[in-house]
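The structure appears below as structure tokens.
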Amino acid sequence: MSSNNFSLTQLQNWMQGMLVHHAPMQDIVLPAAVEDIVNPSQRLSAVHHLDIYRHSYIARLRSCMQSQFNALAYALGPELFELFADQYLDTYPSESYTLNTLGEKFAQFLQETRPDAGREQKENWPDFMIELAGFEYALSIIFDEHADEQPAVILHDTPDEMLKLAPVFHLFHHQYPICSYYLEVIQGREPELPFPEQSYCAVTRHNYKLGLFTIREAQYHFLKNMQRGDSVEAAKDNLVKAFEFKRADLDKIWPEWKKGFIDAGFFVFDEP
Amino acid sequence: MNKTGDNYINIIKSLPDPGLGLGLRSKHFNHILELNPAVDWLEVISENFMDSGGRPRYVLRQIAERYPVVMHGVSLSIGSTDPLNKEYLTKLKRLAGEVKPLWISDHLCWTGVNSLNTHDLLPVVLNDESLKHICTRINQVQDFLARPVVFENPSTYLTFKQSTINEWDFLRYMTEETGCGLLLDVNNVYVSGFNNDFDPVHYIRQLPHDRIVQMHIAGHQHCGTHIIDTHDRQVAHDVWKLFTLAWQLTGGVATLLEWDGNIPEFDVYHAELLKAKQYMSSIGSFVFDAEELAADSEVVSNPVNFLVNNVNW
Ligand SMILES: [Fe+2]
């Protein structure tokens with residue numbers, strides 16, 4: 001078969017297959033020989049020419065994954081992270097014009113390929129890695145989400161009924177201390193792998209910078225109520241109901257919570 | 001060519017020359033916002049901002065008010081046999097409406113097929129079939145954006161047996177058929193020429209110089225048997241020599257220094273750009289010097305890390 005008979009589509013499928021799947025796409029009938037399609041040059045064979053693209057493809061995307069999953073790459077160590085990233089890119093090659101979503105399915109992929117899948121005795125560390133991957137990806141999305149950020153200077157004595165959640169505000173509940181682990185990694189503190197422990201955190205964005213805060217379980221549920229549309233008052237009522245707290249205890253601790261939430265930028269003015 | 005094509009040529013020929021520019025990188029956001037450095041203009045990567053609802057878009061809005069801006073894309077994939085991505089084009093047009101760039105550019109390449117994206121600027125087959133295919137798509141894109149688009153020669157690492165047209169001719173035919181403009185990446189010519197055995201001087205001489213609205217210069221890594229376009233260091237001396245030739249042939253056009261890996265402090269980046277002034281008029285002989293070789297197996301072409309958001313908190 002003369003090389004002149006390949007259509008543009010065949011040729012592009014062939015080359016992409018060699019880059020992404022390390023082999024030509026099976027449904028595209030083309031001779032496998034690189035020499036039939038690519039010219040050699042004075043210094044390099046046809047295979048070497050193609051190999052420059054093949055090598056760069058995986059190295060480039062691997063390093064993007066590394067920047068997107070900084071803490072996870074630290075937790076797994078460079079070799080294991082690279083192995084997972086390569087397998088991920090092989091399973092879910094990018095379908096988007098933007099690299100910002102490259103890691104969108106990474107947590108899902110780690111879940112699908114966990115080494116203890118099918119075994120009764122589950123190991124702990126895959127759960128941790130999966131949660132960490134999901135959290136890191138979520139942060140990159142929150143960093144760039146569309147929102148009307150209002151410069152909010154809220155006084156501590158602002159009446160409760162004038163408080164609402166900031167436009168960028170997200171709550172997380174994890175089986176591991178994900179948020180504190182993440183913060184330790186980015187602060188260069190080289191944390192050990194943590195033991196399982198329920199943890200809660202809130203993520204805000206002010207002046208286009210993210211704020212990460214570990215919070216307590218009751219605070220998480222209170223803020224969750226507000227996320228569902230409750231006023232401060234209603235969120236308190238519902239918290240008391242759901243957890244059989246004493247209302248008086250909650251009212252007693254509320255000023256402290258309120259001050260902390262305002263300082264952390266959880267609230268903005270609810271303008272009528 | 002049709003009437004609109006003629007119109008695009010006129011627009012291309014009347015585009016301003018903003019001078020010497022730098023690529024806008026997130027590392028330099030604060031420096032630029034706080035110090036207003038005296039760089040003539042900035043080139044922004046369209047994909048870094050088109051989906052952003054956070055800091056990148058917020059910074060760009062302020063920068064576009066202070067500096068002339070050009071939008072440079074990497075995802076148009078004009079050479080692909082996949083249909084054009086309407087969602088991408090719509091966002092590109094919306095961003096252009098907001099930023100008001102002097103022009104919009106992308107590359108003569110394809111990035112993927114069958115809905116995949118390799119995030120590389122892959123080489124196109126250069127023959128009659130692909131020329132027709134690409135010109136049809138350029139017309140569609142230009143009509144959709146209601147403005148001419150400027151196309152850059154990518155750095156290439158292979159040529160196809162099926163190619164029958166020289167790249168410099170291919171680019172000229174593109175401009176003649178569609179009225180599009182050209183972005184001459186001098187470093188890419190050098191890199192591709194070394195990798196694929198053509199003479200970069202001949203390449204640059206053959207181009208339609210009146211359609212070149214912009215140049216790129218950049219650093220590369222020589223690996224002995226081939227050169228990788230790394231954008232991570234100073235411009236090689238031989239590339240400066242080619243720049244001198246291109247400057248003379250074009251009569252001088254907007255010039256931008258690309259630096260995408262190991263990005264230095266803003267002042268270092270700017271100083272490297274300003275070296276261009278020394279090469280605008282020097283009478284160079286085109287005998288190339290031997291370059292320093294670096295045998296580094298980790299060399300990656302077109303680094304794209306800078307395309308991923310750096311999350312700030
Ligand atoms: Fe370039």
Side-chain angles (χ1 to χ4, degrees), chain A residues 3-4 6-9 11-13 15-16 19-20 25 35-39 41-44 46 48-50 52-53 55-57 59-61 63-64 66-68 70 93-102 136 139-140 142-147 149 168 186 205 207-212, chain B residues 47-48 50-59 74-75 77 79-82 85 87-88 110-120 122-125 129-130 133 157-163 195-197 224-226 228 297-305 307-313:
Chain A
S3 69
N4 290 331
F6 308 147
S7 71
L8 282 181
T9 316
L11 214 64
Q12 292 188 346
N13 272 292
M15 183 164 179
Q16 181 172 282
L19 265 53
V20 178
M25 299 285 284
E35 291 80 3
D36 289 337
I37 294 168
V38 174
N39 289 315
S41 68
Q42 282 174 24
R43 299 173 204 89
L44 295 178
H48 278 121
H49 277 288
L50 185 65
I52 299 175
Y53 284 101
H55 168 77
S56 284
Y57 168 77
R60 170 185 299 119
L61 295 185
S63 113
C64 276
Q66 172 95 33
S67 348
Q68 226 159 39
N70 231 317
S94 172
E95 293 185 358
S96 171
Y97 58 82
T98 169
L99 280 162
N100 284 333
T101 54
L102 187 66
E136 279 198 276
L139 291 182
S140 73
I142 298 169
F143 174 71
D144 230 354
E145 82 173 61
H146 288 262
E149 281 196 23
V168 180
I186 58 163
R205 195 181 79 195
N207 297 320
Y208 298 98
K209 296 198 170 176
L210 295 185
L212 275 59
Chain B
E47 290 78 5
N48 277 6
M50 58 201 303
D51 288 306
S52 169
R55 182 165 153 80
R57 190 79 163 245
Y58 169 73
V59 170
V74 293
S75 301
S77 199
S80 173
T81 50
D82 268 7
N85 185 336
E87 184 203 350
Y88 172 78
W110 60 288
T111 59
V113 70
N114 279 330
S115 304
L116 293 192
N117 196 328
T118 66
H119 300 283
D120 196 357
L122 301 174
V124 296
V125 179
E129 185 194 3
S130 67
H133 174 69
Y157 305 96
L158 63 75
T159 58
F160 292 103
K161 283 224 164 352
Q162 261 181 260
S163 288
N195 292 338
N196 301 306
D197 302 332
T225 52
H226 58 285
I228 302 276
S297 62
E298 288 305 301
V299 188
V300 179
S301 64
N302 303 324
V304 287
N305 265 11
L307 293 175
V308 184
N309 278 326
N310 283 319
V311 174
N312 299 45
W313 49 87

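A note on names: the letters A, B, ... follow the listed sequences, proteins ahead of strands, and every chain is numbered from 1. We use all heavy atoms of the structure for the numbers below, so side chains are in, but hydrogens, waters and symmetry mates are not.
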Under a 3.5 Å distance rule, please check whether B:His119 uses its side chain to pair with a backbone N or O of A:Tyr57 as donor and acceptor. no
Is it the backbone or the side chain of B:Ser115 that comes under 4.5 Å from a heavy atom of chain A, or both, or neither? backbone
CG on B:Asp82 to OG1 on A:Thr9, rounded to 0.5 Å: 8.5 Å
I'd like to know which of B:Thr118, B:Val124, B:Val113 tops the heavy-atom pair count under 4.5 Å against chain A. B:Val113
For side-chain contact (heavy atoms from CB on, under 4.5 Å), just list the numbers for A:Ile52 and B:Leu158, CA-CA rounded to whole Å, side-chain angles, deciding distance to a tenth of an Å, and then say yes or no. CA-CA 9 Å; A:Ile52 299 175; B:Leu158 63 75; over 6 Å; no
What's the spacing between B:Asn196 CG and A:Ser41 OG if we round to 0.5 Å? 6.5 Å
Are a donor atom and an acceptor atom from the side chains of A:Asp144 and B:Ser52 found within less than 3.5 Å of each other? yes
Less than 4.5 Å to any heavy atom of chain A: does that hold for the side chain of B:Ser80, its backbone, both, or neither? both
Rounded to the nearest 0.5 angstrom, the OG1-CD distance for B:Thr111 and A:Gln16 is 8.5 Å
At what distance, to the nearest 0.5 angstrom, does CG of A:Leu11 lie from OG1 of B:Thr81? 9.5 Å
Could you look at A:Leu44 and say if it's the side chain, the backbone, both or neither that has a heavy atom under 4.5 Å from chain B? side chain
Of all of A:Leu8, A:Val38, A:Asn70, which one pairs up most often with chain B through heavy atoms under 4.5 Å apart? A:Leu8
Non-hydrogen side-chain atoms of B:Leu122 and A:Leu19 separated by less than 4.5 Å: yes
I'd like to know if the side chain of A:Tyr53 reaches the main chain of B:Tyr157, judged simply by a donor and an acceptor atom lying under 3.5 Å from each other, with no hydrogens or angles considered. yes
Among A:Ser96, A:Pro93, A:Ala46, the residue with the most heavy-atom pairs under 4.5 Å to chain B is A:Ser96
Can you tell which part of B:Asn85 gets under 4.5 Å to a heavy atom of chain A, answering side chain, backbone, both or neither? side chain
Those residues that, when tested against B:Asp197, pass salt bridge (Lys or Arg N to Asp or Glu O under 4.0 Å) (two or more places apart): A:Arg43
Between the side chain of A:Gln12 and the main-chain N/O of B:Gly79, is any donor-acceptor distance below 3.5 Å? yes
Mind checking ring-ring contact (aromatic ring centres under 6.0 Å, His included) for B:Tyr88 and listing every partner two or more places apart, or none if nothing turns up? A:Tyr97
Examine distances only and state if a side-chain atom of B:Asn117 and a backbone atom of A:Glu95 form a donor-acceptor pair shorter than 3.5 Å. no
Any chance you could measure B:Thr225, atom OG1, to A:His48, atom NE2, to the nearest 0.5 Å? 7.5 Å
Gap between atom CD of B:Glu129 and atom CZ of A:Phe6 - 0.5 Å precision: 12.5 Å
